[in-house]
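These notes concern the structure reproduced below.
Here is the naming used below: chain letters follow the sequence lines, and residue numbers restart at 1 for every chain. Just so it is clear, the structure is predicted and the values come from calculations on it, not from any experiment.
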There are 2 protein chains.
Amino acid sequence: MPYNYFFACFVKKFYEVESIRYYEQEADFKVAVDCIIFGFDEEGLKLLLLKRNFEPCKGEWSLMGGFLRADENLDQAAERVLRDCTGLEKVYMEQLMTFSDVGCDPGARVVSAAYFALMDIRNYDKEAVSSYNAAWVLLEQVPPLIFDHNQMVTKALGRLRRRATNCPVGFNLLPQEFTLPSLQMLYEAIFGCEIDKRNFRKKIHSMNILINTGKKDYSTSKKGAYLYSFDEEKYNSMLENGYNQNFFNI
Amino acid sequence: MPYNYFFACFVKKFYEVESIRYYEQEADFKVAVDCIIFGFDEEGLKLLLLKRNFEPCKGEWSLMGGFLRADENLDQAAERVLRDCTGLEKVYMEQLMTFSDVGCDPGARVVSAAYFALMDIRNYDKEAVSSYNAAWVLLEQVPPLIFDHNQMVTKALGRLRRRATNCPVGFNLLPQEFTLPSLQMLYEAIFGCEIDKRNFRKKIHSMNILINTGKKDYSTSKKGAYLYSFDEEKYNSMLENGYNQNFFNI
DNA sequence: ACAAAAGTGTTCTCCATACACCCATGT
DNA sequence: ACATGGGTGTATGGAGAACACTTTTGT
């Protein structure tokens, strides 16, 4: 229970009467969170989308969403929404931007905070996903979505690209152990362009944030590709020591 | 009147009854906008802050803020707040992030979208500013602010730095005509470090986005420094032609 | 003459880019 | 033997960083 909570309870008494004077004439809004959930596999970069089996807009495609509750903040609401529909906790998430156009949701006056999430597409609760009638859709094949959700997706992709250039955020889209060819494919998918294999590997190796597990993945070639894991500790200590370089520059 | 508006009116009829079923059990929130307003003069980078002469938290320092109205979106609300307290329109503004901690504003459950703005400190409505009891405060001397406003300021500074490295957003903080020494001082203030004069000028000149007006400003030296203006047209055409370089790299 | 700010060029280093061949293995 | 994907090194160009002196003019 955070300190703020007690403070709020304490101060509330003081404000209880006053607050009516200050705030009561202001308009009320529903506050939503919508999650742009990225995943990645050999086919490419994907989004987890809902073919809605509930109202409103039943039958149409949308992002995962939900409403903010009085006793939580937006980060918590976004985590809850993600947990509900994928069964996952501790997924990389980041607030993207808040959308607020009048009449965007015709059902009510809603202000919607978009969050983007990066997750390992091989590791989620299939039952939860299918109960929401959700599916992984290739980024290039995203259908028209309800409200301003397509706009949110566009924003999220831009943010993902910027993040991926500045920090090694891409690892969140891969399993804990991954091969360099798959890491390169991921970056090619994020940036939508081809990358020279030698330059890519040189860059990655020069950063010294990968650990070669010694194991090999033989699923895509006869020779087999080494499995690496991300050395988060090393990366964090680099950050503390003022590492300020671009992680990846196209 | 945007297309969406008609659409909303049309669809509303359909939803009027239904919406009650979908949304009525969701919590209501007040939605605020808070503006982090940057200015710059020879003393350094400054923020426009309020010493509140109204409740709540009368007597304390805060950002400029206001509540979202039912008939506007967040961008419009932020513009309105800025217009009310500085008399300015068409100021560079950008949505920063939405803050939503429970108990942050003890007066009510408020979700607050922070905006950051860049303006020419020499050009604003002094009466409006003083009627709000507002003042320009050096960034290094920002006092404790109410709620989570200090956190917003920190975020805004980070965003400003990132923006300034990627695009020539700094010009919004200067008068229409400015000298290279003052432009350099601005960047030194934004990044909080010294910059080599020759390298700075080389970089700026190589971009070809400044117009030398031929006029000189003699206010800071006997020799006088040339006044330049930002060639927005040229910059836009560069963008269209796929200019993708960093504007400024420390 | 001198103080005070404006203005200017060169060298070095490092990083991004372009580019072609060998390796391991299953068939 | 060969097809398939994994893995490696070198040469070049361009941009950032370091660095010192001349110009102008008011006093």
Side-chain angles (χ1 to χ4, degrees), chain A residues 41-43 161 164-166 168 174 177-188 190-191 193-228 238 242-250, chain B residues 41-43 161 164-168 174 177-188 190-228 238 242-250:
Chain A
D41 65 15
E42 57 286 342
E43 293 181 299
R161 286 181 175 159
T165 52
N166 293 319
L174 294 173
E177 298 187 345
F178 52 87
T179 64
L180 288 185
S182 66
L183 185 63
Q184 179 173 349
M185 276 166 51
L186 169 60
Y187 275 90
E188 291 178 333
I190 290 177
F191 292 103
C193 65
E194 296 204 339
I195 303 171
D196 180 86
K197 192 172 33 161
R198 284 162 293 185
N199 292 337
F200 179 79
R201 298 169 87 98
K202 203 192 324 169
K203 173 94 187 182
I204 295 290
H205 282 131
S206 73
M207 286 188 282
N208 276 313
I209 50 170
L210 292 191
I211 300 167
N212 188 334
T213 64
K215 291 178 277 182
K216 277 193 165 186
D217 168 37
Y218 294 96
S219 65
T220 58
S221 79
K222 291 145 190 169
K223 183 178 178 182
Y226 280 112
L227 284 163
Y228 291 83
M238 279 165 66
Y243 176 77
N244 199 18
Q245 265 189 310
N246 274 0
F247 173 68
F248 195 77
N249 242 343
I250 288 293
Chain B
D41 64 17
E42 56 286 342
E43 293 180 297
R161 285 181 177 160
T165 54
N166 293 319
C167 52
L174 294 172
E177 298 188 345
F178 52 87
T179 64
L180 288 186
S182 66
L183 185 63
Q184 180 172 349
M185 277 166 51
L186 169 61
Y187 274 90
E188 291 179 330
I190 291 177
F191 292 103
C193 66
E194 295 206 338
I195 303 171
D196 181 86
K197 192 170 38 160
R198 283 162 293 185
N199 292 338
F200 180 79
R201 299 169 85 99
K202 203 194 318 169
K203 174 92 186 184
I204 295 291
H205 281 131
S206 74
M207 287 188 283
N208 277 312
I209 51 171
L210 293 191
I211 301 167
N212 188 333
T213 64
K215 289 178 277 183
K216 277 192 166 188
D217 167 37
Y218 293 96
S219 64
T220 57
S221 79
K222 288 143 191 170
K223 185 177 177 182
Y226 280 111
L227 284 161
Y228 290 81
M238 280 166 67
Y243 177 76
N244 199 19
Q245 267 190 308
N246 275 359
F247 173 68
F248 196 74
N249 242 343
I250 288 292

Which heavy atom of [X] sits nearest a heavy atom of [Y], and at what distance?
| X | Y | value |
| --- | --- | --- |
| A:Leu227 | A:Thr213 | O-OG1, 2.7 Å |
| A:Arg201 | A:Pro181 | NH1-CD, 4.2 Å |
| B:Ile195 | B:Phe200 | CG2-CB, 3.8 Å |
| B:Gln184 | B:Asp196 | NE2-C, 4.1 Å |
| A:Gly224 | A:Tyr218 | CA-CD2, 3.5 Å |
| B:Phe191 | B:Ala164 | CZ-CB, 3.9 Å |

Nearest-Å distance, [atom1] ([X]) to [atom2] ([N])?
| X | N | atom1 | atom2 | answer |
| --- | --- | --- | --- | --- |
| A:Asp217 | D:dG7 | CG | C1' | 15 Å |
| B:Phe200 | C:dA6 | CZ | C1' | 14 Å |
| B:Met207 | D:dA15 | CE | P | 12 Å |
| A:His205 | C:dA16 | NE2 | C1' | 18 Å |
| A:Leu227 | D:dG6 | CG | P | 12 Å |
| A:Phe191 | C:dT17 | CZ | P | 11 Å |
| B:Arg201 | D:dT22 | CZ | C1' | 13 Å |
| B:Glu194 | D:dC19 | CD | C1' | 15 Å |

Closest nucleotide among [options] to the [X] side chain:
| X | options | result |
| --- | --- | --- |
| A:Lys203 | D:dG6, C:dA16, C:dG7 | C:dA16 |
| B:Asn199 | D:dG6, D:dA17, C:dA6 | D:dA17 |
| A:Lys202 | C:dA18, D:dG6, C:dG7 | C:dA18 |

Residues within residues 177-184 of chain A bordering DNA chain D, heavy-atom distance below 4.0 Å: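 Heavy-atom cutoff 4.0 Å gives A:Pro181.
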Plane angle bin for B:Tyr228 and B:Tyr226 - parallel if under 30°, tilted between 30 and 60°, otherwise perpendicular: perpendicular
B:Arg198 side chain near D:dC19 phosphate (N/O to OP1/OP2, under 4.0 Å):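 It does not, given that no N or O in the side chain of B:Arg198 lies less than 4.0 Å from OP1 or OP2 of D:dC19.
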Please list each protein N or O that sits under 3.5 Å from an N or O in nucleotides 21-27 of chain C, with the distance.
unit_1 : atom_1 : unit_2   : atom_2 : d
C:dC23 : O2     : A:Lys223 : NZ     : 3.2

Side chain to side chain contact (heavy atoms under 4.5 Å, CB included) partner of A:Ile204, chosen from A:Ile209, A:Asn199, A:Leu210: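 The side chain to side chain contact (heavy atoms under 4.5 Å, CB included) with A:Ile204 is passed solely by A:Leu210 among A:Ile209, A:Asn199, A:Leu210.
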Nearest-nucleotide comparison on DNA chain D, the residue closer to the 5′ end among A:Asp196 and A:Ser221: A:Ser221
Non-hydrogen side-chain atoms of A:Ile190 and A:Arg161 separated by less than 4.5 Å: yes
